[in-house]
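If you're wondering where the values come from, they're calculated on a predicted model, not measured in any experiment. Position 1 is the first residue of the sequence, and the numbers go up from there.
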Amino acid sequence: MLSGVAAVGFALRDAQAQNATDAVTLDTLSVEGAGAGRNASGSQPGGAVGPVPGYVATQSRVATKTDTPILETAQSISVIGRQQIEDQNALTINQALRYSPSVTTEQRGGAGATRLEQFYIRGFTAPLFLDGLALPGSRDASASIDPFRVERIDVIKGPASVLYGQSGPGGIVNFVSKMPRFVQHGEIFVQGGGFSEVRGGFDIGGPIPSAAGPLADQFAYRVIGLGWKGDGPAVTTQVERVLINPSVTWRPSADTSLTLIGNYQRDPFSGFYGGFPAVGTVFPRNFGGGVTGRLPVDFYDGDRNFERSDRTQASISYIFDHDINEALHVHSAARYLRTEGDYRSVYSAFSENTGPFSSGPLIDRSRIATRVGIDAYTIDNNLVGKFDTGLFAHTALVGVDYRRFETRTLSTAFPAAPSLNVLAPDYAMTIPTPPFTTDARITSEQTGLYVQDQIKFDRLVLTLGGRYDWASNFGPTRSLTTNVVTNQDVPSEAFTGRASLLYRFDNGVAPYVSYSEAFEPITAGRIFDANFGSVGRIPDPITSDQFEAGIKYQPPGTDILLTAAAFDIRRSNATNADPVNRNFVVQTGAVGVQGLEFEARANLAEGLNVIGGVSVIDARTVSDITTTLNQVTNQQVPLRGRVPVQIPDTTASLFVDYRFTSGPLLGLGLGGGVRYLGSSWGDPANSFKVPESVLVDAVLTYDLKNLDATLNGFTMQVNAQNLLDERYVTGCFSYSSCFYGLPRTVYATLRYRW
């Protein structure tokens, strides 16, 4: 009771301090006990980085780095909020993004999805950001973000280099951390199910008790912890995780806030990362001995004595916001991240025993080991100014960001490992770890200067943005067998831009057109150029551009947001081997993607939430001089005109959640979803397709206070993913590498909130 009175007191005092400059709404005060200054409102419920009410976000910073309504943002954005993550019981980021159109998740199957955040947006790999700051990428030491520490996930679809620097054409994904709140709150949960798994966590925070001193009411804290242990999706594998995520916010006034966030996470076991032959998963296989069929979905191609994925990550970051006055706002954020990974794997090898005509019980295998350490430094500073010039209202942004990723990688070659007899698998062989053969110490740097102006004339919104980046990759790679050192020094520069036009009608309809660009530095290969002598010159960066036209609709006074978009993306300047000058490359590779997508999000009535989406994508290599082997005909075929692997032509999804608010079923919640994954090509030669699949999810919840008043705050939830136990393959890279989706999994969760 005292904490509630204190929270109201803090709210009233902050409101008095803020009254002189900004309007204060009672709704905001009653929820968070905070002033409604511009920096504060962004982190409040419904704000641009705050909790999402239900399933419908109305604001986001991800596309503009300003607090902009999604209805006025001329680019496709999907926002997955906390409630959706919990209702669907998303244990990984891959699972949290399953219902987002044009996003295809679990590229390494359901088993591999517990290890890395790997997915495609509009047919391309997407870089990851946390609180607007880039995360380093490395298969064996990538930072992993657990959904429990995330408030929301904001997805930009299409090139985004103008604000974020080097990135691909598909878009980016930004995770928004849970932040301290100036109201007392707490949550504890325990969960069991899946593959003999047990998970538990807590999320506790609020204002610092007044007994801590005269300045206590300026501080709020939050501590998040989680533990996860159990079997992995494949036999003999394990999953284990522990994390702690403390944070504290200092808010000396309604105009200023500073938040410090720490994180420590340890993943000593992360399932496995293997793949299986297409003949035995997509197609039936004659295993011999009268056994014909497909490998079981929990099949394991490795060795439990050899397998290792031991990853540790720790970080410290700050987020600072300050309103200089009504027109100027400063934002600064920075993070230091250290992550280490120790990786070993035995995996299916490229051989005749994994090709299109393979048969028999033996699967040839190879082995690999790496040890990776990454030190990542990132900082972003920007200034937002609001002003008018005649009839035009401006929201101008100018900023500079910097990132430095220092990576040390010890790696081995890919020597053979003993073959595995799938009819009598031995998962405890004595397989020696191969010695490290290379030691690479590579530093990647980027400095970017960006500007943007959002210009409003009545209902018309024109957004113009530009950015210049200076990037470099440098450092030595030593051969541990020959002691030869190769030094890499690859600088690159690029200008990227964006322009868009949107008109917002009074009835909630907002049509728009936009153009955006992205770039990716090329770190390997040289272009033959006589002006540069025998060493050649550094290739130009890969460039991407997108034209998008769409329409957004939010009926006034409703929590409904409908969006539709058509897009045309081209990624150019990929390198191919130079057919004339040996050991050089030419930049002739290009991929084009055209598509349509539709997304609907709605809080339709009290207790009813709906999300749905459809995407249709046509992707193909539009320019390339190289060929690839068609393993069926044993002929080389051109890549030009062929479709890249793992890009389904169509995806569709629908998820509905309903909570009874009256009557005899009061407190009961029912929900479910359907996901359709269209077919995709399984090898670069386009000689076989991975079939389509339809998956069903379900959720049942009950608020236990309706059973007994003493259980107020307790809820029980049961989730079933792939309820019908559909056997499906998420995709293939080749005949040797296909990946099963997860079988039916059921989890029960008991949660207590106060």
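- Looking at heavy atoms from C-beta onward, Tyr164 lies in side-chain contact with Val62 at the 4.5 angstrom threshold.
- Note that Arg404 lies outside the cation-pi zone of Tyr377, set by a 6.0 Å cut-off to the ring centre and a 45° limit from the axis.
- Counting non-hydrogen atoms of other residues, nucleotides and ligands closer than 6.0 Å to CZ of Arg371 gives a total of 12 or fewer.
- Counting only distance, with no hydrogens or angles, the side chain of Arg498 and the backbone of Ala160 share no donor-acceptor pair below 3.5 Å.
- Within the model, atoms CD of Glu445 and OG of Ser472 stand 4.5 Å from one another, a figure rounded to the nearest 0.5 Å.
- A salt bridge between Asp380 and Lys65 is present, with a side-chain N of the basic residue lying under 4.0 Å from a carboxylate O of the acidic one.
- Of the N and O atoms on the side chains of Thr437 and Thr481, not one donor lies less than 3.5 Å from an acceptor on the other residue.
- With hydrogens and angles left out, the side-chain atoms of Thr730 and Glu106 include no donor and acceptor closer than 3.5 Å.
- Not a single donor-acceptor pair under 3.5 Å links the side chain of Gln546 to the backbone N or O of Phe567.
- Between Asp375 and Arg338 there is a salt bridge, since a side-chain N of the basic residue sits under 4.0 Å from a carboxylate O of the acidic one.
- For Lys157 and Glu548, the salt-bridge test fails: no basic side-chain N is under 4.0 Å from an acidic carboxylate O.
- Taking 4.5 Å as the limit, every side-chain heavy atom of Val103 sits out of range of all side-chain heavy atoms of Val173.
- Checked against Phe739 for a ring-ring contact (aromatic ring centres under 6.0 Å, His included), the options Phe733, Phe299, Phe276 give a single hit: Phe733.
- The closest donor-acceptor contact from the side chain of Thr354 to the backbone of Ser351 lies under 3.5 Å.
- Counting heavy atoms from C-beta outward, Thr339 and Thr312 have side chains that stay 4.5 Å or more apart.
- Not less than 6.0 angstrom separates the ring centroid of Tyr347 from the ring centroid of Phe272.
- Under the side chain to side chain contact (heavy atoms under 4.5 Å, CB included) rule, Pro169 has a single partner from Arg570, Arg122, Glu520, Glu517, which is Glu520.
- Side chain of Asn174 to backbone of Gly132: a donor-acceptor contact under 3.5 angstrom is found.
- Between Asp267 and Gln265, the side chains place a donor N or O and an acceptor N or O closer than 3.5 Å (distance only, hydrogens not considered).
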- Query: side chain to side chain donor-acceptor pair (under 3.5 Å) between Glu692 and Tyr728: does it pass, once the steps are laid out?
  - Reply: CA-CA 8 Å; Glu692 62 188 7; Tyr728 71 106; over 6 Å; no

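- Arg335 contributes a side-chain N or O that, together with a main-chain N or O of Leu130, makes up a donor-acceptor pair within less than 3.5 Å.
- For the pair Arg367 and Phe306, the cation-pi test (distance below 6.0 Å, angle within 45°) is failed.
- Checked against the 6.0 Å centroid threshold, Phe688 and Tyr735 count as a close aromatic pair.
- Side chain of Arg571 to main chain of Gly168: no donor-acceptor pair is present (N/O by atom type, distance under 3.5 Å, no hydrogens or angles).
- Looking only at side-chain heavy atoms (C-beta outward), Thr378 and Asp401 stay at 4.5 Å or farther from each other.
- Side-chain atoms of Ser345 and Glu307, non-hydrogen and from C-beta on, do get closer than 4.5 Å to each other.
- Proximity of a side-chain donor or acceptor of Asn94 to a complementary backbone N or O of Leu116 within less than 3.5 Å is detected.
- One N or O on the side chain of Gln313 and one on the backbone of Ser144 form a donor-acceptor pair closer than 3.5 Å.
- In this structure a side-chain-to-backbone donor-acceptor pair under 3.5 Å is missing from Ser734 to Asp683.
- Defined by atom type and a distance below 3.5 Å, a donor-acceptor pair is present between the side-chain atoms of Tyr450 and Asn382.
- Applying the ring-ring contact (aromatic ring centres under 6.0 Å, His included) rule to Phe436 yields no partners; only residues at least two apart in sequence or on another chain are considered.
- Salt bridge Asp469/Arg467: present, at least one basic N to carboxylate O contact under 4.0 Å.
- Side-chain atoms of Gln166 never come within 3.5 Å of backbone atoms of Ala471 as a donor-acceptor pair (strictly under, hydrogens ignored).
- Atom OH of Tyr336 sits about 11.5 Å away from atom CD1 of Ile316, to the nearest 0.5 Å.
- With sequence neighbours excluded, the residues forming a salt bridge (charged side-chain N to carboxylate O under 4.0 Å, His left out) with Arg408 are Asp439, listed by chain and number.
- Side-chain contact, Thr651 with Ser615: a donor N or O sits under 3.5 Å from an acceptor N or O.
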- Please test Ser411 against Thr438 for side chain to side chain donor-acceptor pair (under 3.5 Å), starting from the C-alpha separation and ending with a verdict. CA-CA 5 Å; Ser411 59; Thr438 60; 2.5 Å; yes

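- Side-chain atoms of Arg139 and Thr370 form no donor-acceptor pair, as typed in the model, at a separation below 3.5 Å.
- Side chains of Asp540 and Ile522 form no contact here, defined as non-hydrogen atoms less than 4.5 Å apart.
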